[in-house]
Amino acid sequence: MKKQKAALGGTLKQEFKKDLELFEYFLVLINHSSPIRNVELMWAEDLELFDPGEKPRVNTCDALVQIAQISQQSGGGEVAGRTSPSPSTLFCDLVHGFGSHEEQTCGRSDRPAKERCRTSGCSQVYPCHVGLTDIAVPVICEDKYLGTLFSGQVLTQPPSPQGFAQVRSALDGQPHIDMARLEEAYYRVPVVTTAQLAEMVRMLEVFARYLANAWKRLEIMSEFQRVRERELALDRRQLAEMMLAGQMSNGPDNNVEALHALANSVGLERLPDRVLILRLQTAMQNSQEPIAPRREAERAAAIGNHLALARVAHMVEDRCQNWPNTLATVITPGEICIFTAQKSRTNGHERMLLDEMAQALLRTARGQGLAMARVGISSTHAQSTELLRAYHEASSALDSGHSTINWFEALPSRQQQPTQSLGKVLKALQLADILAVNAAVQEFLAAAAPAAATIAQLQQARGLLTWACEHLAREMASLGSNGVLVNLAKDRAVQIIVGSPSSFAMAEAFRSFVEQLRVQMVQLFSQRDEKIVSETQRLVRELGPEKVTIQDIAHDLKLSAGHLGRVYSRTSGHTLEEYLIRQRLEMARRLLLDPRLHVSEVADRCGFCNPAYFASVFKKYMHCTPRAYASEPQRWSGFENPAHELERAG
């Protein structure tokens with residue numbers, strides 16, 4: 001079994017198309033020097049060289065038009081306008097209507113010739129469907145058919161009235177052809193000898209070999225590129241393993257020098273000094289609900305989750321290759337370790353760059369449906385021997401933090417209390433509970449208050465409150481709040497805190513900022529509830545009110561049935577059971593207008609368990625029986641909400 005050839009990548013395809021520019025000039029030279037003109041190269045349909053919008057052919061007409069445009073742009077003067085760029089092509093252009101009728105005319109002889117070239121691998125000299133002579137030469141690279149070179153049609157005998165009579169007979173029933181113009185063009189078709197015909201075949205075969213060799217050269221380059229990419233992937237993996245081994249030294253093994261050499265080979269200018277961990281979690285892994293006993297569905301979902309994790313891992317690795325001094329490797333399924341070294345002016349600038357990198361990684365994961373992705377970031381480690389410790393720091397930040405981006409902070413023991421209190425503020429904000437938010441803010445401000453009203457103590461409090469505002473703004477933006485409004489509120493609060501002469505004014509600015517964040521979260525929850533309602537109604541429409549149940553909707557939305565019912569009732573003003581009943585009754589109203597359907601059939605089609613229950617619910621809302629509505633539908637036109645409790649549908 002032969003080894004499958006490497007497919008050409010996008011860059012190599014463009015390189016091959018550049019080789020075709022020489023072919024276009026070759027076509028122009030033939031058009032000016034050879035009696036056989038209008039050479040055309042038609043590619044194989046399965047070559048995948050061209051995009052869907054591009055023409056899979058190159059011909060003399062296109063080359064002449066392109067050369068004429070270049071000539072005009074360079075001041076070479078205008079080319080006299082013709083219906084066809086080459087006079088020898090006018091006959092064929094008139095026959096196939098300038099391409100609009102090619103299938104029922106020229107294609108009748110060209111398609112079989114092309115197929116003969118593909119199967120036999122030999123050049124073909126054959127008469128076209130109107131009696132002119134044509135040449136077809138295959139372009140083949142190691143048994144791979146690339147395309148066919150066609151020459152322009154010629155005559156081997158001088159044109160004559162008898163010859164045109166045969167042409168007219170062959171084209172009978174083609175109303176698009178102007179016979180007067182065709183006859184004039186017929187007498188201008190080139191006449192060639194047998195020697196000229198054989199020479200043209202040899203010329204086309206030479207260029208067919210050139211195209212095949214160009215394709216082979218690019219296949220070799222493509223295979224080399226793939227091998228090189230595999231080697232780089234292995235080198236990156238080896239480098240990551242060496243950095244995580246934590247056993248490097250300058251001893252006899254000289255591991256540090258080997259590490260630097262390996263880093264240079266994969267394109268790193270210097271060794272990383274930080275570690276980020278991207279932890280991915282699928283919806284199935286995050287679900288706390290019992291799994292239904294549908295083994296096939298479970299296995300399909302598990303396979304889908306594994307594929308999603310692998311796809312995101314590849315995307316993250318590719319993205320990290322585009323960042324300077326950065327590489328990524330998969331530690332376990334769902335956990336990706338990123339090593340990086342940022343070129344920054346200050347610590348604040350470095351933190352901003354790392355935050356942007358983490359946000360980009362999260363967007364990549366969320367773009368593939370992994371909304372539970374989180375990032376942990378270590379502190380800086382100048383020595384490459386400490387990168388194992390950096391990995392543990394990033395992992396610790398993920399385990400101890402609760403936000404989407406978690407920084408490892410080695411704070412002094414005195415500052416541990418306000419840091420923990422700020423975590424409570426963030427949790428309270430995520431719940432949008434005003435009482436919990438106020439209590440958490442009070443605890444944080446008590447922990448962050450300066451021990452004395454000295455300049456040093458106030459400055460320390462300013463730094464802590466400023467950091468708290470930055471941290472809360474970043475976390476709220478990652479949760480989906482309006483980033484512009486959050487940043488505006490943060491900037492106002494920081495400006496007041498930095499310029500305040502007293503701790504009281506700083507505390508009030510921080511408390512006001514947190515309250516604005518709480519309002520943002522309330523609005524965000526409201527939008528989420530509205531989206532749940534709209535998605536619920538969409539599912540009812542798609543699945544059909546007669547079939548769908550509340551449990552089905554809750555399962556599709558990945559919510560519990562109780563939570564879905566509470567959200568729907570709170571947001572829409574009526575229960576989900578009432579909405580399903582109304583949708584079923586609306587369907588029943590339409591079906592009752594069909595005289596062929598009995599009431600029991602309507603009840604069954606609308607999802608009611610029996611006709612008696614259907615009649616009871618119908619009368620409760622319509623104040624009439626189903627039979628009465630079917631007899632006089634114009635009299636009963638609207639729903640009315642009953643005052644008593646709704647019964648379950650179906």
Side-chain angles (χ1 to χ4, degrees), residues 281-298 300-302 304-305 308 366 368-373 402 404 427-434 436 476 478-481 518-588 605-609 613-614 617 620-621 639-650:
Q281 194 172 22
T282 62
M284 173 176 283
Q285 292 171 325
N286 191 61
S287 176
Q288 299 298 323
E289 298 182 8
I291 300 175
R294 292 181 289 183
R295 297 302 176 191
E296 290 298 328
E298 291 175 19
N305 289 333
R366 290 166 183 165
Q368 299 299 315
L370 300 178
M372 304 299 173
H402 302 280
T404 54
K427 289 182 180 179
L429 283 173
Q430 291 174 346
L431 298 174
D433 186 344
I434 185 170
M476 298 305 292
S478 67
L479 291 173
S481 297
R518 188 193 66 79
V519 172
Q520 286 262 347
M521 288 303 297
V522 170
Q523 296 175 354
L524 182 62
F525 283 158
S526 175
Q527 294 171 0
R528 288 175 178 171
D529 290 350
E530 291 172 359
K531 187 174 181 181
I532 289 175
V533 170
S534 64
E535 285 296 303
T536 298
Q537 295 176 351
R538 181 186 64 80
L539 287 170
V540 171
R541 289 192 299 269
E542 290 182 356
L543 302 176
E546 74 279 7
K547 297 178 181 179
V548 71
T549 65
I550 295 177
Q551 286 73 20
D552 293 336
I553 300 172
H555 181 269
D556 286 345
L557 296 180
K558 295 180 175 57
L559 301 171
S560 67
H563 180 62
L564 173 62
R566 289 190 295 272
V567 170
Y568 192 97
S569 178
R570 180 174 67 243
T571 307
S572 65
H574 56 268
T575 65
L576 181 52
E577 290 88 346
E578 181 181 356
Y579 176 75
L580 289 175
I581 288 177
R582 286 176 176 272
Q583 294 302 308
R584 293 178 181 180
L585 291 179
E586 184 64 36
M587 182 179 179
R605 291 191 182 188
C606 295
F608 291 91
C609 56
Y613 176 70
F614 167 59
V617 175
K620 193 178 299 180
Y621 280 83
F639 288 110
E640 183 174 341
N641 188 15
H644 52 272
E645 184 179 358
L646 297 166
E647 301 173 349
R648 291 183 63 189

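Heavy atoms only, all atoms of each residue included: Arg584 and Val548 are closest at NH2-O, 3.3 Å. Contact record, Ala554 with Ser560: CB-C, 4.0 Å, taken as the closest heavy-atom pair. Closest of all the heavy-atom pairs between Ile550 and Ala561 is CG2-CB, 4.2 Å. Closest non-hydrogen pair, Leu429 versus Met521, comes out as O-CG, 3.4 Å. Counting all heavy atoms, side chain and backbone alike, Pro545 lies closest to Gln583 at CB-CB, 3.7 Å.
Note that the OG atom of Ser572 and the OH atom of Tyr579 stand 9.5 Å from one another [nearest 0.5 Å]. Within the model, atoms CZ of Arg566 and OG1 of Thr571 stand 12.0 Å from one another, a figure rounded to the nearest 0.5 Å. Note that CG of Asp552 is 9.5 Å distant from CG of Leu539, once rounded to the nearest 0.5 Å. Taken from CG in Leu585 to CD in Glu578, the straight-line distance is 10.5 Å, to the nearest 0.5 Å. Atom CG of residue Leu580 and atom OG1 of residue Thr549 lie 8.5 Å apart, to the nearest 0.5 angstrom.
A search for ring pair (Phe, Tyr, Trp, His ring centres under 6.0 Å) contacts involving His563 returns nothing, not counting sequence neighbours.
Side chains of Asp556 and Leu543 form a contact here, defined as non-hydrogen atoms less than 4.5 Å apart. For the pair Glu586/Ile581, no side-chain contact is recorded, criterion being any heavy-atom separation below 4.5 Å from C-beta on. Counting heavy atoms from C-beta on, the side chains of Arg605 and Glu546 never come closer than 4.5 Å. Within the 4.5 Å cutoff, side-chain heavy atoms of Val567 are placed close to those of Arg570. Two residues are said to be in side-chain contact when any heavy atoms from C-beta on lie closer than 4.5 Å; Leu557 and Thr536 meet this criterion. Contact check for Leu370 versus Arg366: no side-chain heavy atoms found under the 4.5 Å cut-off.
Residues Lys531 and Glu535 are not paired through a salt bridge, judged by the lack of any N-O separation under 4.0 Å between the basic side chain and the carboxylate.
Looking at Gln537 and Tyr568, their side chains do bring a donor and an acceptor atom within 3.5 Å of each other.
Looking at Ser569, its side chain never comes within 3.5 Å of a backbone N or O of Gly565 through a donor-acceptor pair.
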